[in-house]
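Since the structure comes first, as structure tokens, the remarks are kept for the end.
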Amino acid sequence: MTPSTGGQTTGLFDDLRDLYQEVILDHGRKPRNFRRLEDATATARGDNPMCGDRIELFVALAPDGNIADAAFQGRGCAISTASASLMTETVKGKTAAQAKALGATFRELAMTGTCPDCGAELADEMERLAPLSGVHEFPSRVKCATLAWHTLNAALDGTKEASSE
Amino acid sequence: MTPSTGGQTTGLFDDLRDLYQEVILDHGRKPRNFRRLEDATATARGDNPMCGDRIELFVALAPDGNIADAAFQGRGCAISTASASLMTETVKGKTAAQAKALGATFRELAMTGTCPDCGAELADEMERLAPLSGVHEFPSRVKCATLAWHTLNAALDGTKEASSE
Amino acid sequence: MDSIAPVAFDVARIRQDFPILSQPQARGRPLVFLDSGASAQKPRVVIDAMVRCMETAYANVHRGAYRLSELATDAYEAARGATARFINAADVREIVFTKNSTEAMNLVAHCWGRGVMQPGQAVVISELEHHANIVPWQMLRDDKGNELRVCRVNDSGELDMDDLERHLADGKVGLVAIAHMSNVLGTVTPVERIVAMAHAHGARVLLDGSQAAVHRRVDVQAIGCDFYCFTGHKLYGPTGIGVLWARLEHLDRMPPFLGGGDMIASVTFEHSTWAPSPGKFEAGTPAIIEAVGLHAAIDYVTAIGMDAIEAHERTLVDHATARLARVEGLTLLGHAQDRGGVFAFALDAAHPHDLATLLDRAGIAVRAGRHCAEPLHARFGLEGGTTRASFGLYTTTDEIDLLAQALAEAREFFR
Amino acid sequence: MDSIAPVAFDVARIRQDFPILSQPQARGRPLVFLDSGASAQKPRVVIDAMVRCMETAYANVHRGAYRLSELATDAYEAARGATARFINAADVREIVFTKNSTEAMNLVAHCWGRGVMQPGQAVVISELEHHANIVPWQMLRDDKGNELRVCRVNDSGELDMDDLERHLADGKVGLVAIAHMSNVLGTVTPVERIVAMAHAHGARVLLDGSQAAVHRRVDVQAIGCDFYCFTGHKLYGPTGIGVLWARLEHLDRMPPFLGGGDMIASVTFEHSTWAPSPGKFEAGTPAIIEAVGLHAAIDYVTAIGMDAIEAHERTLVDHATARLARVEGLTLLGHAQDRGGVFAFALDAAHPHDLATLLDRAGIAVRAGRHCAEPLHARFGLEGGTTRASFGLYTTTDEIDLLAQALAEAREFFR
Ligand SMILES: Cc1ncc(COP(=O)(O)O)c(C=O)c1O
Ligand SMILES: Cc1ncc(COP(=O)(O)O)c(C=O)c1O
């Protein structure tokens with residue numbers, strides 16, 4: 001074995017930029033809506049026992065049934081943190097049903113990298129979530145991306161707990 | 001595969017005559033001392049759990065310490081039956097210590113096929129037991145040959161049970 | 001040659017798949033392996049799959065965050081999927097890998113017997129069981145007091161269904177645990193009827209499929225049972241792996257078996273929580289290489305076709321039944337209507353052990369003893385054991401002829 | 001290259017023994033396998049031994065009366081003998097083959113914990129245990145009420161021996177169950193001292209040698225412990241086989257574990273009796289092919305020499321300690337005086353899982369997570385897990401350099 005010598009950046013990980021797009025790194029470092037929601041009407045906890053990721057999700061449903069606010073706390077990798085962050089941004093203003101439909105579509109995107117069934121009505125939202133589509137090439141990371149969405153389902157369904165296994 | 005046709009005796013097993021010498025077959029078919037000894041002073045049961053062989057051994061010790069009589073009952077293969085039969089014949093008139101020494105020597109014969117340590121004083125007895133020496137080539141059958149002798153030890157030691165495992 | 005076997009099933013070609021069958025044995029005789037009921041030989045594809053796993057795709061499963069570990073995890077889980085399809089399980093999570101079928105039955109006795117079944121409930125087994133389906137229930141009885149009832153077997157070696165009905169009648173039975181096929185008598189038990197009767201009386205049904213799964217197509221949903229156990233090494237797969245199938249509803253209610261890694265959801269010193277099935281029952285590093293081997297074995301028999309295998313075996317059974325009947329002094333144990341390729345017998349002139357030694361000299365591998373079914377041998381008054389010939393998919397009618405000839409000669413030898 | 005390794009230990013040559021190490025990985029990168037602590041790769045001799053067993057000498061053991069079965073039985077028992085010699089057991093009957101070390105510890109918890117230890121006695125474990133040495137004792141506690149005490153680990157990752165003394169002081173401890181080497185911290189525990197202290201207080205000692213047995217010579221008689229567990233797949237052997245060593249006096253007093261074939265002396269429906277050890281604890285068809293593989297693995301490491309392996313590892317440990325200390329933002333977990341080749345760490349800029357994904361791209365296989373030691377990670381405030389690099393006898397200092405470089409680059413990537 002001949003190691004490449006020196007510590008200078010050789011771009012060893014350059015082709016991982018597809019997975020770790022700038023948006024992901026940014027949301028991973030500085031997650032949006034990363035706080036406790038005191039007036040939450042629905043909450044749930046999501047666990048990924050394999051890697052120790054954990055999120056606590058807060059959703060405030062307005063009287064009209066729309067999601068007025070969404071926030072989260074917890075610990076996790078860049079992918080799961082960015083996914084939760086992007087999710088809280090994206091679901092605001094949606095009805096519970098819309099949010100769940102979006103989640104189903106997103107899970108397909110995360111698993112396959114494409115989304116043939118994405119209706120035009122979700123186009124904007126999916127564009128926002130598109131930076132996460134790179135995970136489909138990393139089977140063990142798909143569940144990092146979907147943990148937040150599983151947890152959202154649990155919160156909206158009132159089951160309180162989700163596990164991404 | 002081409003089977004040899006016909007059922008005529010082709011001597012398929014001829015080279016097993018070393019293991020199954022005429023003496024063995026004879027003692028196996030018509031074991032000597034195959035009975036219950038009502039006046040036994042020592043008894044023991046021997047089991048070979050693997051194949052289901054079982055013997056019940058009866059020993060009558062005379063006041064002078066010699067084995068006045070020995071007999072057995074039970075079920076077993078030709079080897080174990082013949083061995084028990086030959087043993088009961090051979091140990092009569094021996095002291096307990098002599099019988100146990102003989103057993104140790106016999107076990108060596110059964111395991112190795114030879115007996116370099118056989119003292120002259122046991123020569124007659126070992127000649128009698130020699131037909132069993134063929135078992136040493138059949139590792140799984142050695143314990144058939146030694147079961148009776150293990151059981152004799154148990155009887156003489158008062159442990160009542162022996163297992164040839 | 002095997003002219004009566006169906007054209008599609010070419011036993012001569014199949015034999016070439018098994019390296020050991022072309023190994024010269026002592027004194028140049030070909031190997032006539034008639035002990036597949038104890039453990040079957042391994043085809044080239046199984047050996048190769050295990051080698052490939054170790055040479056190209058090995059790592060621990062479920063734990064790594066790297067490609068090799070993902071490959072190994074995928075291979076392990078693909079084996080689970082193939083196993084589920086093999087017995088038509090409704091859900092892949094219903095497949096728990098164990099180390100052998102003995103462990104599978106102990107797992108049920110431990111987790112379901114102690115954890116779900118009611119203390120007052122009884123277990124029904126039968127006289128034809130292998131020790132693996134007797135001793136775990138005795139241990140349960142001795143530990144927790146659950147009564148153990150034993151269903152009789154008639155003189156033909158078939159389950160006495162009236163006796164089963166009697167045992168079920170009082171409604172106190174929690175579980176009926178019966179072999180799908182006897183490893184001594186060859187009897188295939190009427191599993192659909194057993195299930196119907198047991199369920200009608202509120203009892204669950206465990207089937208010990210260690211023998212049956214090798215010999216015919218098994219469809220656990222069609223059978224309707226609750227638990228099904230089998231073992232890799234008899235199915236032309238490696239040692240070290242077995243299978244418990246159970247309905248998810250049962251697995252979900254069962255406490256875990258062994259404690260350790262991979263079976264937990266979270267661990268603190270105060271309290272741990274369990275992973276969902278099947279993880280809950282698979283503590284520690286699983287038999288990864290062996291699962292890959294089992295997968296290859298399942299693919300192998302599936303490609304040949306379980307129906308073709310069963311048809312070939314029927315040919316062998318008919319041939320053996322006729323041929324052994326002509327061996328003087330031979331008494332066959334078991335004459336069930338529905339039976340597989342396992343023949344245990346007694347020969348008047350020779351003890352089973354002596355007989356096996358003789359046959360071995362002729363290159364014929366058979367077993368002698370009680371075949372882990374002592375009570376069954378006692379039932380038939382054969383405490384001294386029997387000699388058993390059991391067939392695999394590579395067995396030929398020629399081999400059965402060789403056996404029959406050798407038996408006749410052995411009788412002469414000892415008379 | 002590895003100029004500091006002793007002459008006798010030629011790591012370049014050793015690497016050629018492992019087929020997987022010369023398999024080209026994704027994008028042509030060589031495999032840098034730093035996850036041997038989870039499971040080690042297999043040398044050619046192990047693979048070949050298993051193949052040879054399946055191709056030339058396979059049959060079920062202990063049961064047959066024919067040559068092939070005798071060969072298989074001899075091979076299986078020879079593996080037991082080699083295992084006994086490997087850890088210097090006094091008697092070959094003290095070696096019980098299990099499916100992995102998790103089962104070995106569960107066996108002790110089940111048979112000794114429930115069957116021999118007194119109901120009021122406590123078990124002491126430590127903060128650095130693998131789940132396999134935590135959960136079985138929790139299950140014992142929850143089932144039978146035996147208190148579970150946890151010995152502290154200091155900030156360097158060493159056992160707090162004063163705390164152990166405190167736990168033992170009241171004389172109520174029946175068993176001290178401790179890892180011989182931590183799979184996270186690398187810490188090698190002072191086993192002779194532990195044994196002396198425990199025995200002085202009337203407690204027995206179980207050592208979880210899953211890691212230690214791979215890294216140094218183990219002599220159970222010199223250590224003086226009562227139970228020792230390890231696992232085949234970490235010792236360059238196959239999956240599906242583990243080892244429990246226990247003093248014969250303990251095994252003789254323990255009730256059996258699983259019920260079934262091969263573990264009995266006699267079976268009737270009313271009552272069964274047990275075979276002597278080790279058979280009593282090995283129900284069903286054992287891992288025959290795997291035992292043969294383990295035997296080859298033991299022969300392999302023995303031929304290289306456990307002392308040479310330990311020396312090589314010391315070189316690696318020193319190199320890694322120095323090299324990783326120079327990686328900015330890296331915090332190493334565990335700084336024990338006596339430690340083996342396992343390095344768990346946190347990198348400030350990157351989550352362990354992200355880091356593992358990056359390293360995988362560079363061909364470097366490391367683990368991310370809590371390595372089946374959740375409580376230990378909680379103890380060090382790293383609930384989110386760590387990244388772990390663990391070495392095998394084929395690991396080179398060059399590979400450690402590659403790791404260190406990649407870590408530095410990964411940090412740049414995420415900052
Ligand atoms: C310290 C320690 N104990 C126990 C185990 C469990 O070993 P296995 O998974 O082979 O049962 C491991 C490895 O995972 C370990 O590192
Ligand atoms: C009917 C039956 N049940 C159970 C077993 C036990 O299988 P294993 O030894 O693989 O656990 C066997 C085979 O020995 C069997 O034939």
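The chains referred to below are lettered A, B, ... by the order of the sequence lines, with proteins before strands, and numbering in each begins at 1.
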So what's closer than 4.5 Å to chain D heavy atoms on [X]: side chain, backbone, both or neither?
X: L355(C); result: neither
X: H371(C); result: neither
X: S266(C); result: both
X: V267(C); result: both

Which residue pairs pass the salt bridge (Lys or Arg N to Asp or Glu O under 4.0 Å) test with at least one member in residues 38-47 of chain C, sequence neighbours excluded?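 Salt bridge (Lys or Arg N to Asp or Glu O under 4.0 Å) check on residues 38-47 of chain C returns R44(C)-D48(C), R44(C)-E55(D).
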Whether the Q138(C) and S272(D) side chains hold a donor-acceptor pair (N or O, under 3.5 Å, no angle test) is what I'd like checked.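 Result is yes, a qualifying pair exists.
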Checking the side chain of R67(C) only, and the main-chain atoms of G363(D) only, is there a donor and an acceptor separated by less than 3.5 Å?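 Between the backbone of G363(D) and the side chain of R67(C) there is no qualifying donor-acceptor contact (under 3.5 Å).
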Would the distance check show the side chain of N106(C) and the main-chain N or O of L258(D) forming a donor-acceptor pair, the cut-off being under 3.5 Å?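 No: the side chain of N106(C) does not pair with the backbone of L258(D).
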Is the F33(C) ring parallel, tilted or perpendicular to the Y66(D) ring (thresholds 30°, 60°)?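 Perpendicular.
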Salt bridge (Lys or Arg N to Asp or Glu O under 4.0 Å) partners of E282(D), counting only residues at least two apart: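 Salt bridge (Lys or Arg N to Asp or Glu O under 4.0 Å) check on E282(D) returns R80(D).
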Decide yes or no for [X] and [Y]: does some side-chain heavy atom of the first lie under 4.5 Å from some side-chain heavy atom of the second?
X: P238(D); Y: E290(C); result: yes
X: L68(C); Y: D360(D); result: no
X: M54(C); Y: Q41(D); result: no
X: E374(C); Y: I264(D); result: yes

For chain D, the option from I241(C), T102(C), N133(C), D142(C) that forms the most heavy-atom pairs under 4.5 Å: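 Looking at each of I241(C), T102(C), N133(C), D142(C) in turn, T102(C) comes out on top.
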